[in-house]
Q: 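Let me begin by handing over the structure; questions about it come next.
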Amino acid sequence: MTAAFYCYNNIMPELPEVETVKRGLKKLIIGRYIKSVSSDNPKSFPNPKSDVNRFMAKARVLSVNRRAKVLLIELSTGYSLMVHLKMTGQLVFIEAALADSNRWGAGHPNSSFVGELPDKSTRVIVSFADGSVLYFNDQRKFGWMKLMPTGLILEDPFMKKVGPEPLAASFTNSVFIARLRKRPRTSIKAAILDQSVLAGVGNIYADESLWGARIHPASIVNTLGDKQLACLRKEVVYVLNLSIAKGGSTNRNYVDAQGKKGSYSNFAKVYRRDGQPCSRCGTIITKSRVAGRGTHSCNYCQALAG
DNA sequence: CACTTGACCTGTCCGC
DNA sequence: TGCGGACAGGTCAAGT
C-alpha cells in the first residue's frame, strides 16, 4: 500500500474530474465491505435508514463507473450508489491506518485536503469493515448521493435524457451536429453546456473548447457551419482528453488549504485568464456573461459569427 | 417545443 | 472594521 489516503478535491467537477475520481476510487474501494453509513443531511443522501440497512450495510463494492458527471458505485446487493458532486463535492478516502488520527493532508503528493474529517462540510460518512473510511464532503450541499436498484439506473430522469459520452467512438461529427441543430437559436455555449446535447461539458471546458475552435461563445448555433461544429467536436474531445491526462483540474499541486491554484491553470487557454494576452494572437482575454455563466474568450480570434 | 431565468447553498471577495 | 451584494456553477423548475 503506497498511499494512505487520497483526496479528490474538485473545484468544479466536470467530466475529466469525475473520471479522475472514478479511476482513483476503482483502485481504492472495489472489494471492500461496507460496515456502516451515517448522514445528517437528507438533501445530500435522501434514502431512508431502512434502505441503507438493507442495501448498503454489509454490501461489497463490485465496480465503479461513470456516466456524464455521475459516479456509479455498484454494490453486491443489487443496488448502486449514484453520486453527483455538483460544484463543491469531494470524496476523501482514508486508509484504516490513518483513520485513527484523523489529521492528514500536509505534504502528501495526492492531497489537497488539509485538516480533520469529519468537518462542517461532511455530509456522508461511509465506514468500511477494515477500518477505512470514505467521506463525502460538500460545502454548498448541491451534490448528492443516492441508492438505486442497479437495474433501474437507466430509468433515472437524468440518465434518460443525458446525451452521448463525448469520448466514446460513437460520438461522431454527424451525431454532434445533428444534436446541435436541434438548438438553433441559442448560443453555442448554452448548447454545449446542455447535458442533453452531450454529456460532461461544464463551464471550464466549454470556454476552452470554444477557444480551440475559434468560435465566440455567444455565437448563435444556426450561424455556424458544419465545418465549424466539426472543429468544435474535435476540440471538445481534445480538451477533455488533455485534462484527464493531467488528472483533471483536481488540485494535486495545491499548496494552500483554500486551494485556488490547481494544475489546470497551467494549461487553460482562456478560463480565468481574463486580462492576460491570448496565446495565439496576443489580444487581451476578456470575461463576459453568456448563458448566465462567467465566460472567457479572445474576441479577436474567436470572432462572433452572424 | 425552444429557450431563458431564478432557485438551490455556502463561502469569499470587493467596494463603500 | 462591518456590511451588502456579486460571484462561483450543475441542474431543475417555472417562466416567456
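Every chain is numbered from 1 and lettered A, B, ... according to where its sequence line falls, protein lines coming before strand lines. Only a predicted model underlies this, so the values are computations on that prediction, with no experimental measurement involved.
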Q: From C-beta outward on Arg293(A), which listed nucleotide comes closest to its side chain: dT11(C), dC3(B), dA8(C)?
A: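 Of the options given, the side chain of Arg293(A) lies nearest dT11(C).
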Q: Quickly work out the Trp144(A) CH2 to dC9(B) P distance and round it to whole Å.
A: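 From Trp144(A) CH2 to dC9(B) P: 16 Å.
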Q: For a quick check of understanding: with a heavy-atom distance under 4.0 Å over all strands, which category does Pro157(A) fall into, base, sugar-phosphate or nothing?
A: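 Answer is nothing: Pro157(A) stays at 4.0 Å or more from every strand.
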Q: Determine the contact category for Arg289(A): base if any of its heavy atoms lies under 4.0 Å from a base atom, sugar-phosphate if only primed atoms, P, OP1 or OP2 are that close, otherwise nothing.
A: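 The residue Arg289(A) makes sugar-phosphate contact but no base contact.
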Q: Which whole-number value in Å describes the distance from Asp194(A) CG to dC3(B) P?
A: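 Whole-Å distance recorded here is 10 Å.
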Q: Given the rule that I, L, V, M, F, W and Y join up when any side-chain heavy atoms are under 4.5 Å apart, are Leu15(A) and Phe267(A) in one cluster?
A: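 They do share one cluster, since a chain of ILVMFWY contacts under 4.5 Å joins Leu15(A) to Phe267(A).
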Q: Closer than 4.0 Å, any side-chain N/O of Lys120(A) to the OP1 or OP2 of dG11(B)?
A: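 Answer is yes, contact under 4.0 Å.
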Q: Checking contacts here: which listed nucleotide (dC9(B), dT11(C), dG11(B)) is nearest the side-chain heavy atoms of Phe158(A)?
A: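 When the side chain of Phe158(A) is considered, dT11(C) is the closest of dC9(B), dT11(C), dG11(B).
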Q: What does Gly202(A) touch in the nucleic acid at a heavy-atom separation under 4.0 angstrom: a base, only the sugar-phosphate, or nothing?
A: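 If one applies the 4.0 Å heavy-atom cut-off, Gly202(A) turns out to touch the sugar-phosphate alone, with no base involved.
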Q: Could you tell me whether the side-chain ring of Phe142(A) sits stacked on the base of dC8(B), using a centroid cut-off under 5.5 Å and a plane angle under 30°?
A: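 Base of dC8(B): stacked against Phe142(A).
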Q: Rounded to whole angstroms, how far apart are CZ on Arg179(A) and P on dC1(B)?
A: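 In whole Å, dC1(B) P lies 14 Å from Arg179(A) CZ.
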Q: Going by salt bridge (Lys or Arg N to Asp or Glu O under 4.0 Å), Glu19(A) matches just one of Arg66(A), Lys26(A), Lys246(A). Which one?
A: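 The residue from Arg66(A), Lys26(A), Lys246(A) that satisfies salt bridge (Lys or Arg N to Asp or Glu O under 4.0 Å) with Glu19(A) turns out to be Arg66(A).
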Q: For dT5(B) and dC7(C), measure between their P atoms and round to the nearest Å.
A: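 14 Å, rounded to whole Å.
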Q: Of the nucleotides dT10(B), dC12(C), dG10(C), which has the atom closest to the His84(A) side chain?
A: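 Minimum distance to the His84(A) side chain belongs to dG10(C).
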Q: Between dG10(C) atom C1' and Ile192(A) atom CD1, what is the distance in whole Å?
A: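 Those two atoms, CD1 and C1', are 15 Å apart.
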Q: Roughly how many Å is it from CG in Leu15(A) to P in dG10(C), rounded to a whole number?
A: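 Roughly 12 Å, once rounded to whole Å.
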Q: Hydrophobic cluster membership, with links at side-chain heavy-atom distances under 4.5 Å among I/L/V/M/F/W/Y: are Leu242(A) and Leu232(A) in one?
A: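 Same cluster: Leu242(A) reaches Leu232(A) through Ile, Leu, Val, Met, Phe, Trp or Tyr contacts under 4.5 Å.
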Q: Does OP1 or OP2 of dT4(B) have a side-chain N or O of Thr186(A) closer than 4.0 Å?
A: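 So the side chain of Thr186(A) is within the cut-off, an N or O lying under 4.0 Å from OP1 or OP2 of dT4(B).
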Q: Could you give the distance separating dA13(C) and dC9(B) at their P atoms, to the nearest angstrom?
A: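 14 Å, rounded to whole Å.
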Q: Tell me which nucleotide among dT10(B), dC12(C), dC8(B) gets nearest to the side chain of Arg140(A).
A: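 From the listed options, dT10(B) comes nearest.
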Q: Round to a whole Å and report the spacing from CE of Met87(A) to C1' of dT10(B).
A: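 Spelled out: CE on Met87(A) to C1' on dT10(B) is 10 Å.
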Q: Can you measure Lys161(A) atom NZ to dA2(B) atom P for me and round it to whole angstrom units?
A: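 Going from NZ in Lys161(A) over to P in dA2(B) covers 13 Å.
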Q: Are Tyr79(A) and Ile30(A) in one and the same hydrophobic cluster, where Ile, Leu, Val, Met, Phe, Trp and Tyr link if side-chain heavy atoms are under 4.5 Å apart?
A: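 Yes, one cluster joins them.
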Q: Roughly, in whole Å, what's the span from CE in Met82(A) to P in dG10(C)?
A: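 Whole-Å distance recorded here is 18 Å.
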Q: Using a 6.0 Å distance limit plus a 45 degree cone around the ring axis, check whether Arg123(A) lies over the aromatic ring of Trp144(A).
A: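 Ring-cation test returns no.
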Q: Could you work out which one of dC7(C), dT10(B), dG11(B) sits closest to the side chain of Lys287(A)?
A: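 Closest of the options to the side chain of Lys287(A): dC7(C).
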Q: Nearest of dT11(C), dG10(C), dT10(B) to any side-chain atom of Lys141(A)?
A: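 Output: dT10(B).
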Q: Just compare dT10(B), dT11(C), dG10(C) and give me whichever is closest to any side-chain atom of Gln139(A).
A: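 Looking only at side-chain atoms, Gln139(A) lies closest to dT10(B).
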Q: Does any donor atom in the side chain of Thr295(A) or Lys189(A) lie under 3.5 Å from an acceptor atom in the other side chain?
A: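 Per modelled atom types, Thr295(A) and Lys189(A) side chains form a pair under 3.5 Å.
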Q: Can you tell which of dT11(C), dA2(B), dT10(B) lies closest to the side chain of Lys69(A)?
A: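 The answer is dT11(C).
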